[in-house]
Structures are given as C-alpha cells and as structure tokens.
S.K.: 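What follows is a single structure, and I will ask about it in a moment.
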Amino acid sequence: MADIFERLIKNYGPIGQHRERAHGYFAFPKLEGEIGSKMMFRGKEMIVWSLNNYLGLANHPEVRKADADASAQYGLALPMGARMMSGNSDLHEQLEAELAAFEYKEDAILMNYGYQGIMSAIDAICGRHDVVVYDAECHACIIDGLRMLPGHRFVYKHNDIEDCEKQLKRAQALIDKQQSGGILVITEGVFGMAGDQGKLKEVAALKSKFFFRLLVDDAHGFGTLGKTGAGAGEEQGCQDAIDLYFSTFAKSMASIGAFMAGPKTIIDYIRYNIRSQIFAKSLPMPYVVGNLKRLDLLRTQPELKDRLWKNALALQNGLKQRGFDIGKTDSVVTPVYMKGGVEEATAMVMDIRENYKIFCSIVVYPVIPKGHIIYRLIPTAVHTQEEIDLTLKAFSETKAKLDAGAYKVSEIPDMANK
Ligand SMILES: Cc1ncc(COP(=O)(O)O)c(C=O)c1O
C-alpha cells in the first residue's frame with residue numbers, strides 16, 4: 001500500500017517544485033508597510049503593481065478609522081455562531097440591503113469568503129437534473145463549485161458566443177431527454193488574468209432562444225466598471241439580465257467577505273440552504289462595519305474610480321505606445337504578454353525588482369503555455385504619474401534586455417529565504 005504523503009513530497013506540485021529557490025521571492029513574497037503604491041520588499045521600497053486595491057481603499061483614512069473603531073467596539077468575536085443560529089445582526093442585514101440596492105437587485109446574501117461562497121452557492125442552487133453552461137476561463141472557485149455539481153456541465157470556449165449557444169443546445173437537449181432540470185449559465189464580469197470583460201450582453205441575448213438563468217462573478221468589475229461602480233452588467237447595460245450577481249470584497253473593497261444579489265425569493269432560498277454559511281461562523285462585526293464604510297465610499301466618492309481609470313489608461317496607453325502587447329483588456333487589469341522560458345522570466349523579474357525597484361507578478365508555465373510570460377499589472381487610484389512613467393521606462397529597458405537574450409539562465413535564480 002502506498003503512503004499518500006510519499007507521493008506529495010516526491011514533487012510538491014507544479015509551482016511547489018521550485019520552492020527551494022523561489023520561496024519568499026517569486027512565491028510567497030512578503031510586502032511590508034502600509035498598503036499603497038509603494039511598499040517594502042526585502043528592505044527596499046518598491047512601486048507595487050500586484051494588489052487588487054483598485055480604489056485605494058485599503059489605506060483610506062476613513063476606512064482605517066472605521067476598521068479601528070469597529071474593532072475596538074466589537075472585537076473579532078461578535079457575533080458568535082452561524083447567522084442562522086445565533087450570529088445574525090442588524091448591521092449584517094443592513095449591509096445586505098445596501099449591497100442589493102447598489103446592484104439594482106431585490107436582496108443580497110453575505111458570504112464569509114468569495115471562494116467558498118460561490119462554490120457553496122452553486123451547490124445550493126443546482127440539483128442533479130440541472131445543467132451548468134460555463135465559460136472555459138472561469139475562476140478556480142467556480143470550477144471547484146462545479147466539482148460538487150451532481151448534474152451535467154458543458155463548458156464553452158472563452159467568450160465564444162457561438163460555442164455558448166452550441167452548449168446551450170446540448171444542455172436543452174439533455175433536459176428535454178431527462179424531462180426535468182433547468183440551465184444555469186455562469187461567466188465573469190471581468191476575467192482577472194487577461195482583463196477582458198465577459199460578453200454579458202451577448203450571453204444575455206441568448207435568453208431569447210433558450211430558457212436559462214445567468215450567474216455572473218464580477219470580482220474585478222465591482223467598483224471599477226459602470227457609471228456608479230455597480231460593475232460589468234451596468235457597464236454593458238444588461239444588469240437586469242443578470243439573475244445572480246456575485247462579487248468578493250477582496251478587491252475594490254480591500255477587505256474580506258463576498259455577496260450574492262438577486263431576486264428576494266432566490267436569495268432567501270440560498271440563505272436557508274447555503275452550507276458554507278449555515279455551518280460556519282458569521283462575518284465578524286468589524287468586517288461588516290468596515291464593508292459598510294467601503295460601500296459608502298464607493299457610492300459617495302466616484303473620483304476614486306475616475307482616478308483608477310486615469311491611471312489605468314495612462315499605463316495601458318503608455319505600454320501600447322512602446323510596442324507592448326497588452327492583449328484585449330477592456331478593464332483596468334493590465335496584462336503584458338512576452339515570450340520566454342520560466343528561468344528567463346524569473347531572471348527578468350529579479351532585475352525589475354532589484355534594479356528598477358518595481359514589484360509586479362508574473363504568470364508562467366504551467367499556468368499558461370510553455371514559452372510565454374504574462375506580467376499582470378494592477379493599477380490603482382493611488383498610483384502616481386511618476387510611478388507610471390518609471391514603470392514604463394523599466395519595462396522598455398528590461399524588454400530590450402529580454403529580446404537581446406540577457407536573461408538567459410539555465411536555472412531559476414536562487415532567491416529563497418534561507
Ligand atoms: C473572479 C474571482 N472570484 C472569486 C474570488 C475569490 O474571492 P475571495 O478572495 O473573497 O475568496 C476571486 C479571488 O479573490 C476572483 O478573482
């Protein structure tokens with residue numbers, strides 16, 4: 001008989017296999033100091049492009065005060081127990097009502113975390129005869145939610161409406177055969193890696209041909225897109241066609257928690273059937289109060305979103321003018337596509353960090369195909385034009401070095417914390 005543990009430590013997984021050289025630098029780095037456009041990394045101050053602190057709320061003085069006051073007043077314990085049993089409060093319900101109104105929906109339910117929340121919501125909503133049709137590039141939390149699905153699922157090619165229609169036809173045929181079940185389509189408002197918006201309007205238009213409900217994970221659109229910041233549905237003018245709107249608080253809100261908004265009857269059903277909330281302690285009060293404050297700032301300080309977009313466009317246009325390929329982003333998420341091996345990519349990141357004092361994250365094989373490198377830059381409302389200019393200069397110089405083969409190394413540089 002094999003020892004399960006033995007298999008695990010044979011290789012440590014696709015990223016873990018590099019941990020002896022990478023830990024603390026390329027993986028699990030520690031950014032220290034106040035959250036902002038500049039932070040400390042291994043004792044050096046760096047311009048940071050890796051945080052989803054889109055609106056700069058993480059260190060907004062009103063947010064910091066609300067968080068501190070609520071922590072002093074309530075501590076982290078209150079309320080105790082799951083909401084269904086003993087952990088409910090007026091403030092939890094107030095936050096739900098305000099989120100629902102912000103998203104033009106009847107009701108909303110709070111979740112402790114986005115990842116487990118959406119997984120568990122999918123589990124609560126779908127039965128064994130239901131069929132889910134979903135975009136191929138949906139976030140891991142949706143894929144994991146689908147792993148619990150007792151019914152069938154059909155994936156469509158990323159943002160490919162023709163294929164979405166094809167999969168809807170398959171789903172419809174299966175349901176006709178079963179003579180029971182319904183269809184849930186799941187996609188995202190903004191795909192967090194490439195920054196392209198989900199084609200919500202086109203997907204929603206398929207409702208004229210098929211009967212389905214639409215669930216949208218708008219983690220990156222919430223607070224950044226739409227006239228009021230209500231997200232990708234508002235931006236594309238199809239918020240009403242989104243039956244269930246989901247977002248985490250981990251990005252624009254710079255906090256913890258998540259919510260799902262939709263019709264009162266359905267949110268009530270989820271409230272009484274979502275296992276990750278029913279069998280878990282509710283969000284501690286400082287998170288609830290802190291999230292109420294953040295939502296208030298989203299509503300009352302639209303200049304935060306304006307500043308975010310000003311910076312995002314300056315960065316994106318600057319990259320394009322310098323000949324960089326930033327793909328098809330139509331959100332503030334800014335990918336930069338380059339070619340090179342994993343070793344080269346790590347040597348380049350080292351140069352950018354050590355010599356240009358710029359901290360950004362890369363995505364390499366096996367997350368994306370071999371030979372490709374994606375830098376993923378996240379602009380925020382608190383970056384400055386000077387920081388953008390320095391970054392553009394650094395990218396131009398390091399790209400020239402990459403093209404000249406200056407980063408060709410045989411192994412990942414050893415930068416691990418020893
Ligand atoms: C699209 C998307 N959905 C859900 C999540 C998970 O949210 P949380 O961090 O609140 O668990 C993330 C990442 O944070 C995400 O990018």
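Whatever order the structure lists ligands and atoms in, that order sets their numbers, starting from 1. Just so you know, these numbers come straight off a predicted model, no measurement behind them.
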S.K.: How many angstroms lie between atom CD1 of I122 and atom SG of C141, to the nearest 0.5 angstrom?
M.R.: 7.0 Å

S.K.: State whether R147 and D123 are salt-bridged, where the test is any N-O pair (Lys NZ or Arg NE/NH1/NH2 against Asp/Glu carboxylate O) under 4.0 Å.
M.R.: no

S.K.: Are the side chains of V203 and L214 in touch, meaning some heavy atoms are under 4.5 Å apart?
M.R.: yes

S.K.: So is Q116 touching ligand 1 or not, going by heavy atoms under 4.0 Å?
M.R.: no

S.K.: Any chance the rings of F395 and Y375 have centres within less than 6.0 Å?
M.R.: yes

S.K.: Atoms of ligand 1 less than 4.0 Å from T248 heavy atoms?
M.R.: 7 (O), 8 (P), 10 (O)

S.K.: Which residue and non-hydrogen atom of the protein lie closest to atom 9 (O) of ligand 1, and at what distance in Å?
M.R.: A250 CB, 3.7 Å

S.K.: Please report the interatomic distance CD(Q197) to CG(D218), rounded to the nearest 0.5 Å.
M.R.: 8.5 Å

S.K.: Considering G221, S247, G114, A140 one by one, which has a heavy atom nearer to atom 8 (P) of ligand 1 than any of the others?
M.R.: G114

S.K.: So is Y115 polar-close to ligand 1, meaning N/O to N/O under 3.5 Å?
M.R.: yes

S.K.: Tell me if the aromatic rings of F191 and H158 count as close, with their centers under 6.0 Å from one another.
M.R.: yes

S.K.: Taking 4.0 angstrom as the limit and counting only heavy atoms of C141, give me the atoms of ligand 1 inside it, by number and element.
M.R.: 3 (N), 4 (C)

S.K.: Using a 3.5 Å distance criterion without hydrogens, assess whether the side chain of R21 forms a donor-acceptor pair with backbone atoms of I412.
M.R.: yes

S.K.: Do E188 and ligand 1 have an N or O pair less than 3.5 Å apart?
M.R.: no

S.K.: Does ligand 1 have any atom that is closer than 4.0 Å to a heavy atom of K251?
M.R.: yes

S.K.: Judged on heavy-atom distance to atom 1 (C) of ligand 1, which of I118, D217, V333 sits nearest?
M.R.: D217

S.K.: Check this for me - ligand 1, A219, N or O atoms closer than 3.5 angstrom, yes or no?
M.R.: no

S.K.: Please confirm whether the ring centroid of F259 lies under 6.0 Å from the ring centroid of F222.
M.R.: yes

S.K.: Which protein heavy atom lies closest to atom 5 (C) of ligand 1, and at what distance to 0.1 Å?
M.R.: H139 CE1, 3.8 Å

